[in-house]
Amino acid sequence: MSSERPTTTPRTASYEADPEQVHRVLLLYSGGLDTSVMLKWIQDEYDAEVVCLTVNLGQPGEDYEVIKGKAIQLGALESHVVDARVQFASEYLAPAIKANALYGGGYPLFTALGRPLIAKLAVEYARRYGCDTVAHGCTGKGNDQVRIEATVATLAPELRTIAPVRSWEMGREEEIAYAREHGIPVKGGTEAAPYSIDDNLWGRSSEGRWIEELEHPPEDDVFQLVTRPEAAPDEPELVELTFERGVPVALNGERLELVELIEAAAEIGARHGVGIIDQIEDRIVGLKVRDIYEAPAAALILPAHQELERLVCTIHQNQFKPLLDRQWAFLVYAGLWWEPLRSDLDAYMDEVNERVTGSIGLKLFKGAARVVTRASPNAIYDASLASFSQSGGLFSQAASPGFIELWSLQSRMAWRLRNE
Ligand code: ARG
């Protein structure tokens, strides 16, 4: 493959690297096939040095020492692993919880929240190790390229990016052949292409294979995190989540750091088959794509948070905030984490969440998580006012007819005009 010029398409954007200027590359390295082939390919095609960076956002079952060793074995100048779980939880997931962040009705945005942090760390490491270029393994059809390149271009205008998977003309077969030829270990061999997986603390996505056939219901083997609801325990389980200022701080009365709390919630939710989402998504690059998500922690924490928020907010706040929540989720989905509107919205989210303190109990059973108890010192709730068993007190039932007369006045006039 070693032609004298890299097999790259001409530059379209100002932040794309000109092959002549690529000398040392910071590669976002996962240890998988694409980025392993990329690690060799960049050295060969660009005659450049490669520094690898692997970011731990809580993806289960990774052996980071093995990934590190593989990078060095494949010729990386350096290989670094950063454990960014605490930062991910406090700076990305906590704001997402405060914003009840879901895209398209169901996707809790775990990948979308992780990419700006991964790309920010890429910028830090690229600067620290004197790299001129950042390389990533995203394809040209997804949202992740947007999130990563937008972040690098925003935070580090001096850096350039390359996305080899977008420009090289290798399919999976050719990548495997390239790997064999260059002594890159390929796990799992050459049988059918696996699902395309991405995961972190907040959830896991699967794409590809039969998922692309809309009439095809999920096959059991796609669920690697959440127990299938039909195989979940026959007994329900109650879980209590306690929040302070909009952030979960305790599970079943035990105080935990956010990372540990999310892991514990994921474990319980997964056991009960909670958090499976089968969704057609409107990608920002125009495609509609089906994803299967498993997000057991989000499936407990988000509904509990939202319930508590509704309890402590007025009807007006409750009418308004979902509009901003949706905008927040869209910006994050769409790769605009660094957009000032997002921090403007966060200011509002923080303000509302000042009062979101209390506990919510959920009952988990065969794929469902249902709110069953609520408690908050800030609840705008007075049992004696709401009660059917009492009259009088602060709430005057005698005032209700007058209220109804004025409340319905314009609607009644409009009705009459239209029906005369
Ligand atoms: N569709 C989701 C998103 O756009 C998940 C993407 C998963 N990424 C991946 N490289 N497999 O955020």
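Indexing begins at 1, ligand by ligand and atom by atom, following the structure's order.
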Problem set entry | Set of residues satisfying salt bridge (Lys or Arg N to Asp or Glu O under 4.0 Å) with respect to D144, sequence neighbours excluded | R115, R147
Exercise. Is any NZ, NE, NH1 or NH2 atom of the basic residue among E307 and R310 found under 4.0 Å from an Asp or Glu carboxylate oxygen of the other?
Worked result: yes
Problem set entry | Side-chain ion pair, K141 and E207, N-O less than 4.0 Å | no
Problem set entry | Under 4.0 Å from ligand 1 - residues by heavy atom, chain and number | Y107, T111, R115, N143, D144, R147, S196, D198, S205, E207, E281, D291, Y293, Y333
For this session: Go through the structure and list residues passing salt bridge (Lys or Arg N to Asp or Glu O under 4.0 Å) with R128, not counting sequence neighbours.
Result: none
For this session: Would you mind checking if D132 and R160 are paired as a salt bridge, meaning a charged N to carboxylate O distance below 4.0 Å?
Result: no
For this session: Could you name each residue pair satisfying ring pair (Phe, Tyr, Trp, His ring centres under 6.0 Å) that touches residues 248-286, not counting sequence neighbours?
Result: none
